[in-house]
Amino acid sequence: FPANQLNNRYFLVRAGESYNESADDPLTNPVWKTSEKHGLSELGKQQVLLGLVPELERQGSCGDGCWIWPSITQNAYQTAELLSYKLGIGRSRIVPEYSFLDARGLGALEALRLSEAQAAVAAGDVLDAEWRPPKGTDGTPQESSQDVMVRMRQLLSITETQYFGEDVVLVAPDSDCLSVLQAAVLGLDLR
């Protein structure tokens, strides 16, 4: 990074709002990924159907088919299923992603409200791309922007090797990993 050339066209998609987000609850411990708490809220469904689908169509994505790579976190996978249905793409084109697109681990910040945890992460990230949230006691990962960038680099390595000249829609449960990927590809400071 910065990337000189990518062989595929990528669409970075943040999943619709989940129930836990609507309640201002962070859930970044991987054990919660398939919990109904991570499912799309009613607002999240509307965000996908009324905002995301028309925007992807406007940008000409998936015109000749595409590959949808969602995190297995419920809101991301449900977003992918809605996209598949509304864009007329077969479910065989949904490729579940098990770890690279996970939400950024908040460590001990899981004990805060989501909005407070996000503010703490933003303040820490300004200091250093290696800054990590404090370690928790429940096994929730505590990741720096640099840690997230490593995961995203691995994901691009897979998709760039597996496909050539394809549209690839990456669906993440939150925007951190997508923002880090975009910054890294463009050669921007990860802070």
Side-chain angles (χ1 to χ4, degrees), residues 1-3 10 12-41 43-44 47 69-80 95-161 168-191:
F1 288 115
Y10 292 92
L12 307 182
V13 171
R14 195 253 190 242
E17 178 192 69
S18 65
Y19 289 115
N20 68 291
E21 290 171 316
S22 68
D24 202 27
D25 288 331
L27 284 179
T28 62
N29 190 315
V31 301
W32 293 106
K33 287 195 287 192
T34 58
S35 166
E36 286 299 316
K37 293 179 182 181
H38 268 301
L40 285 174
S41 68
L43 174 61
Q47 290 169 333
W69 279 59
S71 165
I72 64 164
T73 303
Q74 285 294 305
N75 67 332
Y77 202 85
Q78 289 171 356
T79 296
V95 182
E97 209 302 300
Y98 293 90
S99 60
F100 296 135
L101 284 169
D102 283 356
R104 182 176 175 179
L106 296 176
L109 298 179
E110 284 272 309
L112 302 176
R113 305 303 308 163
L114 179 59
S115 54
E116 295 168 344
Q118 290 171 330
V121 167
D125 282 351
V126 168
L127 302 174
D128 186 0
E130 295 285 342
W131 177 88
R132 287 185 178 88
K135 186 175 183 175
T137 58
D138 67 353
T140 300
Q142 62 194 92
E143 294 182 293
S144 69
S145 292
Q146 190 66 38
D147 296 332
V148 173
M149 198 272 300
V150 168
R151 285 196 279 125
M152 298 311 293
R153 181 184 291 154
Q154 291 168 325
L155 176 65
L156 274 188
S157 177
I158 292 168
T159 57
E160 284 292 292
T161 302
V168 180
V169 180
L170 303 177
V171 185
D174 72 358
S175 59
D176 270 9
C177 61
L178 302 174
S179 297
V180 167
L181 174 61
Q182 183 177 15
V185 167
L186 296 173
L188 303 175
D189 187 334
L190 292 181
R191 291 176 295 154

Taking salt bridge (Lys or Arg N to Asp or Glu O under 4.0 Å) as the test, write out the residues that go with Arg113, two or more places apart.
Asp24, Asp25
Over all heavy atoms of both residues, which pair between Thr140 and Glu110 is shortest? Give the atoms and the distance, please.
CG2-CG, 3.6 Å
Not counting sequence neighbours, list each pair that qualifies as a salt bridge (charged side-chain N to carboxylate O under 4.0 Å, His left out) and has a residue in residues 180-191.
Asp189-Arg191
Is it the case that the side chain of Lys33 and the backbone of Tyr98 share a donor-acceptor pair, with hydrogens and angles ignored and the cut-off at 3.5 Å?
yes
Taking all atoms of both residues into account, what is the closest heavy-atom pair of Asn29 and Pro141, and its distance?
CA-CD, 4.5 Å
How would you list, by chain and number, every residue that makes a side chain to side chain donor-acceptor pair (under 3.5 Å) with Gln142, sequence neighbours excluded?
none
Can you name the residues that form a side chain to side chain contact (heavy atoms under 4.5 Å, CB included) with Gln78, not counting sequence neighbours?
Leu40, Gln74, Glu81
List for me each residue that meets side chain to side chain donor-acceptor pair (under 3.5 Å) alongside Tyr19, sequence neighbours excluded, and say none if there are none.
none
Glu17: what forms a side chain to side chain donor-acceptor pair (under 3.5 Å) with it, not counting sequence neighbours?
Ser41
Write down the atom of Tyr77, the atom of Pro70, and the distance for their closest heavy-atom approach.
CD1-CG, 3.6 Å
List for me each residue that meets side chain to side chain contact (heavy atoms under 4.5 Å, CB included) alongside Val150, sequence neighbours excluded, and say none if there are none.
Gln154
N/O donor-acceptor pairs under 3.5 Å from side chains in residues 170-185, not counting sequence neighbours:
from, atom 1, to, atom 2, distance (Å)
Asp174, OD1, Asp176, N, 3.4
Ser179, OG, Ser175, O, 3.0

Do Trp69 and Ile158 make a side-chain contact, defined as non-hydrogen atoms from C-beta onward lying under 4.5 Å apart?
yes
So, for Leu101 and Met152, which heavy atoms are closest and what is the spacing to 0.1 Å?
CD2-CE, 3.7 Å
From His38 atom NE2 to Ile72 atom CD1, the distance as rounded to the nearest 0.5 Å
10.5 Å
For Asp128, check salt bridge (Lys or Arg N to Asp or Glu O under 4.0 Å) against everything at least two apart and list the hits.
none
Contacts of Asp138 meeting salt bridge (Lys or Arg N to Asp or Glu O under 4.0 Å) (sequence neighbours excluded), chain-then-number -> none
Glu97: salt bridge (Lys or Arg N to Asp or Glu O under 4.0 Å) partners, not counting sequence neighbours:
none
With no hydrogens and no angle check, do the side chains of Ser144 and Asp147 hold a donor and an acceptor under 3.5 Å apart?
yes
With Glu116, which residues qualify under side chain to side chain donor-acceptor pair (under 3.5 Å), at least two apart?
none
Does the side chain of Glu143 reach to within under 4.5 Å of the side chain of Val121, using non-hydrogen atoms?
no
For Pro26 and Asn20, work out which heavy atoms get closest and say how close.
C-ND2, 4.3 Å
